[in-house]
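Before any comments, here is the structure.
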Protein chains: 2
Amino acid sequence: MSVQITREADYAIRCILHLVGLDGGMSTVRNIADRESIPRSFAAKIVQKLTKAGLVESVRGVKGGFRITRSPEEISLLDVIEAVEGPISMNICVLDKKSCDRQPQCPVHPCWVEITESIRERLGSYTFERILRESGR
Amino acid sequence: MSVQITREADYAIRCILHLVGLDGGMSTVRNIADRESIPRSFAAKIVQKLTKAGLVESVRGVKGGFRITRSPEEISLLDVIEAVEGPISMNICVLDKKSCDRQPQCPVHPCWVEITESIRERLGSYTFERILRESGR
DNA sequence: ATATATAGGACTGATTTTATCCTATTTATC
DNA sequence: GATAAATAGGATAAAATCAGTCCTATATAT
Ligand code: SF4
Ligand code: SF4
């Protein structure tokens, strides 16, 4: 199962997909969760993280909710995943060299640095504009 | 931490690196574990998996141990990782479409299929011959 | 005032990761 | 044949992470 994104990240992408679809309109957690099949209280945690990352903004109180802050071509899968999971990497030594004392001589370490960079690039290339365009909406 | 390979997979790569370095020679679990800084009993489990996957072969009894079965250009990081972790994918729906009932209409699903294939390709391109060559041995 | 929303932290159960340990089996050597 | 050194494989367990809930505080439209 490893090397997979978490349910939280998958849910976060659904949230953004939902809000992008509203074209700047607002939606409540209840709405997002129900429409995107996400447990309500879990969805609440997730949109909070998305808010802190600046991908969405929140309005409190009656008539409150969340709305997207950027246009679909300015948000990528990488943005959303890293908003909820933090910086991603293929091996622990990429983010923290000191985590492994073999790193200085390790012949595999550079591979993970390169593969991580390549994945981040690819995830970054999938903007929501592109995702929707390629799926035909 | 998600999207990372496990310690088990990292250890497995160290095991193969060790055996490749012996150029067809044999080594015991004790030897591999001690030289590659892997807990002994964990290393024992790992080389068993590598044996089942056909990457190494085992000899039982006194003077027994493990030796590599292929040349370094015929073993890639992908081979080793999938030997211990099974087939990898970036999201659950890639390996098992039925795991998510949104899959048929999901605009993101094709992204994960494509990204998974791209990662598998890149991991497959890192043979141990290449890893050693690029590290300068 | 009240009802409806988000903010945020504490908590929990389930699952996975990261091992350890034990018994059985194989085999070289004395 | 006995013995010592090795792998095979299953059972078990501690720790960490994941997935999700719950509760209180705060904001705001009506
Ligand atoms: S052994 Fe090499 S690849 Fe593995 S964690 Fe250490 S530095 Fe990274
Ligand atoms: S929502 Fe889409 S991307 Fe996420 S698991 Fe389901 S099919 Fe896959």
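We name chains A, B, ... by the order of the sequence lines, and we start the count at 1 in each one. What's counted below: heavy atoms across the whole structure, side chains too, no hydrogens, waters or symmetry copies.
Comparing C:dA7, D:dC18, C:dT25 against the side chain of A:Thr51 picks out C:dA7 as the nearest. When the nucleotides C:dA19, C:dG8, C:dA5 are ranked by their closest atom to the side chain of B:Phe42, C:dA19 comes out on top. Taking only side-chain atoms of B:Lys63, from C-beta outward, the nucleotide of D:dG20, C:dA7, C:dA28 with the closest atom is C:dA28. When each of C:dT6, D:dT21, C:dT18 is scored by its nearest atom to the side-chain atoms of A:Lys45, the top-ranked nucleotide is D:dT21. Among the nucleotides C:dA7, D:dG9, D:dA8, the one closest to the side chain of B:Ser58 is D:dA8. Side-chain proximity of B:Phe66 to the nucleotides D:dT21, D:dT7, C:dA19 is greatest for D:dT7.
We find that CD of A:Gln48 is positioned 14 Å from C1' of D:dT21, with the value rounded to whole Å. Regarding A:Glu8, its CD atom lies at a distance of 11 Å from the C1' atom of D:dT17, rounded to whole Å. Counting to the nearest Å, the P atom of C:dT17 and the CD1 atom of B:Ile46 are 13 Å from each other. Rounded to whole Å, atom C1' of D:dC18 lies 10 Å from atom CD of A:Glu85. As rounded to whole Å, 18 Å separates atom P of C:dT16 from atom CD of B:Gln4. Atoms CG (B:Leu50) and C1' (D:dT7) sit 14 Å apart, rounded to a whole Å. The distance between atom CE of B:Met26 and atom C1' of C:dA28, rounded to the nearest whole Å, is 11 Å. Rounded to whole Å, atom P of C:dT20 lies 11 Å from atom CZ of B:Arg40.
Within a 6.0 Å sphere centred on CZ of B:Arg35, heavy atoms belonging to other residues, nucleotides or ligands number 12 at most.
Along DNA chain D, the nucleotide closest to A:Gly61 and the one closest to A:Thr6 are compared, and the more 5′ of them pairs with A:Thr6. Toward the 5' end of DNA chain C, the nearer of the two residues A:Ser2 and A:Arg30, judged by each one's closest nucleotide, is A:Arg30. Along DNA chain C, the nucleotide nearest to A:Val62 and the one nearest to A:Ser27 differ in position, and the one closer to the 5' end is contacted by A:Val62.
Across all strands shown, B:Val47 has no heavy atoms under 4.0 Å from either base or sugar-phosphate atoms. A:Thr28 comes within 4.0 angstrom of the backbone, heavy atoms only, and of no base. Among the atoms of the strands shown, none is found under 4.0 Å from any heavy atom of A:Lys49.
Side-chain contact between B:Asp23 and B:Ile68 is absent, with no heavy-atom pair separated by less than 4.5 Å. With a 4.5 Å cut-off on side-chain heavy atoms, A:Ile5 and A:Leu77 do not count as touching. You'll find the side chain of A:Tyr126 reaches within 4.5 Å of the side chain of A:Glu134, heavy atoms only. A heavy-atom distance below 4.5 Å is found between the side chains of B:Leu17 and A:Pro107.
Residue A:Tyr11 places none of its side-chain N or O atoms closer than 4.0 Å to OP1 or OP2 of D:dA19.
Residue-to-nucleotide contacts include no donor-acceptor pair under 3.5 Å from the side chain of A:Arg60 to the base of D:dT28.
Seen from the ring of B:Tyr11, B:Arg14 does not count as a face-on cation partner, given the 6.0 Å and 45° thresholds.
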